[in-house]
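Chain A is the first sequence line, chain B the second, and so forth, proteins listed ahead of strands; every chain is numbered from 1.
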Amino acid sequence: MVDLPSPSRAAAPVVRDSAFRVRMRRVRDLTAQILSNPATVIGSVIILAMFAMAIFAPWLTAPNTPDPYQMPRDWAATRMPPGTPGYLLGTTNEGGDVLYGVIWGARMSLQLSLVVVGSVLVIGCIIGSLAGFIGGKLDEILMRIVDVFLSIPELIFALAIAAVLGPSFGNIMFALAMVMWVKYARIMRARVIQIKNSEYIDAARIIGDSKLNIYLRDILPNSFTPVMVQATLDMGNVVLIAATLSFIGLGEAGIAEWGVLVSEGQAGIASGRWWASTFPGLMIFLWGLAFNLVGDGLRDALDPRTESSR
Amino acid sequence: MQLRDYVIRRLLVLPFLIIGVSMIVFALTRVGGSPIGIYLSHEMTPAQVAEIEARFHLDKSLPVQYFYWARGVLQGDFGWSGVSVAPVAEVFPKKLAATLELSVASGIVAVVMGLWLGTYAGARRNRPADHITRVVAVTGASMPNFWLAILLLIIFWAQLGWMPIGRSTPEIIALVPTRTGLYTIDALLAGNLVAFGDALWHLILPAITLGYGATAIIARMMRSALVEELQLDYVDAARAKGLPERLVLKKHARRNALIPTVTVIGLTFGFLLQGTVSVEIIFRWPGIGKWMADSVLRGDQATLMTYVLFTSIVFLVLNLIVDVIYANLDRRVELGK
């Protein structure tokens with residue numbers, strides 16, 4: 001009989017090193033594939049521009065004091081059309097600089113999307129993966145809760161939650177997180193169940209790996225692909241939904257948030273002042289578009305079966 | 001699993017989902033402050049307040065309160081609408097008719113435009129028409145419909161003055177007797193073509209705005225389904241026997257490509273329902289969406305929660321219908337998974 005090495009994690013470093021290389025090669029292939037799709041490239045460029053605008057906002061325009069997220073007001077320059085010196089995109093009814101709103105609105109959107117998508121990713125992945133991995137009663141109960149949550153249309157649900165909590169930007173973020181985690185839980189659960197039944201998990205079980213080890217080392221790291229695609233798409237969606245809620249009236253008046261700005265600019269369109277709504281709305285559109293393009297590209301690259309742009 | 005079993009199982013689960021949704025709605029009404037706030041005033045003595053609390057069962061435990069609330073809903077008691085100063089159950093049907101007219105119109109726009117665009121693009125793969133359709137499809141998914149509405153208003157209402165705002169010209173519709181509550185249908189039933197034209201004219205912009213997103217989804221689905229069909233052998237066979245390309249497309253490929261598209265069409269109706277809120281605000285359309293938005297701003301919980309409950313039930317039933325149709329059309333679908 002051949003003397004087999006003891007079946008333990010002692011051999012793991014070597015294995016993991018090559019696994020790491022395989023993973024790096026995959027990332028490289030994926031990047032190449034993504035960059036070969038012009039739509040994805042356009043989306044990435046828009047995202048980079050938006051992020052740069054959000055991060056460098058204080059250097060692009062002088063922050064309003066004391067709260068930079070409040071629109072500055074210049075009562076000497078109300079209702080100026082675009083192109084007015086000092087006000088490239090014009091001003092609002094209250095003399096707010098539309099360009100200021102566009103730039104600081106990007107910063108708000110970046111915060112909103114990172115906080116909301118980040119938290120639903122963590123919550124959804126923990127709940128979904130545990131449900132899928134442990135199974136049984138726990139899975140049954142959690143998934144029935146998920147079913148009920150998914151029965152209420154996303155926008156309406158978020159609107160109702162934000163409405164009972166009262167108009168504020170923080171409440172909008174909370175409402176979005178409350179509504180969105182379920183999608184992640186469901187996607188994650190399906191993926192974990194799929195992996196749980198694969199052969200290499202059987203192998204890990206046979207060599208006597210503990211359940212916790214299998215969960216943390218084998219299942220979790222391999223389960224993130226589908227949720228990452230969803231997260232990319234939702235980076236755009238949350239901004240779109242939040243802007244809709246703000247537009248309906250759940251945002252705070254006077255803040256530099258795109259939905260609020262579109263809503264406040266609406267009053268001027270009858271008298272021909274189109275700019276106060278148009279530019280912030282364009283930003284919402286571009287933000288959503290960019291993440292949709294990249295999300296679709298990512299999905300095509302990761303899952304060739306659902307290729308949509310043949 | 002048999003199709004019949006599948007349908008029965010889905011139907012059995014449906015009431016439980018609706019109960020679950022109603023619990024969430026009930027919980028929301030309790031989070032949002034006292035549900036009897038609109039009945040109270042500062043002059044009331046504590047005894048009077050307690051009496052009102054007792055009348056609305058607020059002195060009981062939460063499960064008991066839920067029971068009374070659910071019983072009221074089942075008996076058609078949805079509470080008092082502070083915005084409309086009337087019982088919710090009384091105002092709801094009138095508002096619903098306005099929303100229904102708008103969503104059906106935008107549904108028609110979306111289906112006609114979506115199928116046409118999708119077929120046109122799918123048959124001209126990778127040519128300019130196809131690229132344009134793809135742009136429409138991608139922009140449709142990320143277009144905030146309130147912004148599209150404002151852009152259309154800026155152009156066609158504020159600048160050109162071609163299109164009106166609102167649901168109808170009050171003097172014209174006043175002459176039409178109300179039968180269905182749908183202005184276009186009522187006008188036709190009364191044989192009043194002027195009123196019909198007026199109602200239709202008011203309907204066009206909001207219907208296009210609301211239908212744009214759904215048009216994009218349908219066009220995209222139709223295009224990819226058609227592209228897939230056109231690569232199959234039977235299409236080559238049809239071409240080989242000398243059938244003109246127009247007929248190959250119309251009689252063979254398009255018919256099969258419709259199968260996956262039909263299911264998407266069902267799902268987009270839920271999409272339309274959500275979209276009515278902002279579109280109705282901007283076009284001052286007196287439907288349940290605008291009503292809902294007004295209630296949000298004025299803290300009218302009874303209206304808000306009725307709306308949530310209603311849309312969720314519609315959403316659930318629609319999803320069920322779509323799933324069943326899909327399972328029926330395509331026997332390869334694995335049921336119960």
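Contacts of A/Ile161 with chain B are made by both backbone and side-chain atoms, with heavy-atom separations under 4.5 Å. Contact annotation for B/Met305: only side-chain heavy atoms (C-beta onward) come within less than 4.5 Å of a heavy atom of chain A. When heavy atoms are compared at a cutoff of 4.5 Å, A/Phe157 approaches chain B solely by way of its side chain, counted from C-beta outward. For B/Leu148, no part sits under 4.5 Å from any heavy atom of chain A, backbone or side chain.
By number of non-hydrogen pairs under 4.5 angstrom with chain A, the leading residue of B/Gly275, B/Pro144, B/Ser295, B/Ser278 is B/Pro144. When each of A/Gly166, A/Gly259, A/Ala270 is checked for heavy-atom pairs under 4.5 Å with chain B, A/Ala270 comes out on top. The choice from A/Thr278, A/Asp147, A/Val262 that makes the most heavy-atom pairs within less than 4.5 Å of chain B is A/Thr278. With chain A as partner, the option from B/Ile165, B/Ile19, B/Leu153, B/Leu297 having the largest number of non-hydrogen pairs under 4.5 angstrom is B/Leu297. Ranked by heavy-atom pairs under 4.5 Å with chain A, the first of B/Thr139, B/Val308, B/Leu304 is B/Thr139. Interface summary for chain A: among B/Ile24, B/Asn145, B/Leu151, B/Ile313, the most heavy-atom pairs under 4.5 angstrom belong to B/Ile24. Interface remark: of the candidates A/Leu159, A/Ile241, A/Leu282, A/Leu282 forms the most heavy-atom pairs closer than 4.5 Å to chain B.
In this structure, B/Asp130 does not pair ionically with B/Arg127, as no charged nitrogen and carboxylate oxygen lie closer than 4.0 Å. No salt bridge links B/Lys95 with B/Asp294; every basic N to acidic carboxylate O contact stays at or beyond 4.0 Å.
Between the CE atom of A/Met143 and the CD1 atom of A/Ile145 there is a distance of 9.0 Å, given to the nearest 0.5 Å. Between A/Ile172 atom CD1 and A/Leu245 atom CG the span is 5.0 Å, to the nearest 0.5 Å. Within the model, atoms OG1 of B/Thr209 and CD1 of B/Ile282 stand 8.0 Å from one another, a figure rounded to the nearest 0.5 Å.
The six-membered or imidazole ring of A/Phe247 lies away from that of B/Trp147, with a centre-to-centre distance of 6.0 Å or more. In summary, the aromatic rings of B/Tyr307 and B/Phe92 are positioned with their centroids too far apart to meet the 6.0 Å limit.
Residues B/Thr303 and B/Ser81 bring a donor and an acceptor atom of their side chains to less than 3.5 Å of each other. Between A/Glu264 and A/Thr92, the side chains place no donor N or O within less than 3.5 Å of an acceptor N or O (distance only, hydrogens not considered).
At distances below 3.5 Å, not a single donor-acceptor pair connects side-chain atoms of A/Glu257 with backbone N or O atoms of A/Gly105.
Below 30°, between 30° and 60°, or above 60°: for A/Trp258 and A/Trp287 the angle between ring planes is above 60°, a perpendicular geometry.
Chain A is approached within less than 4.5 Å, heavy atom to heavy atom, by B/Ile154, B/Trp157, B/Ala158, B/Gln159 from residues 154-164 of chain B, ordered by number.
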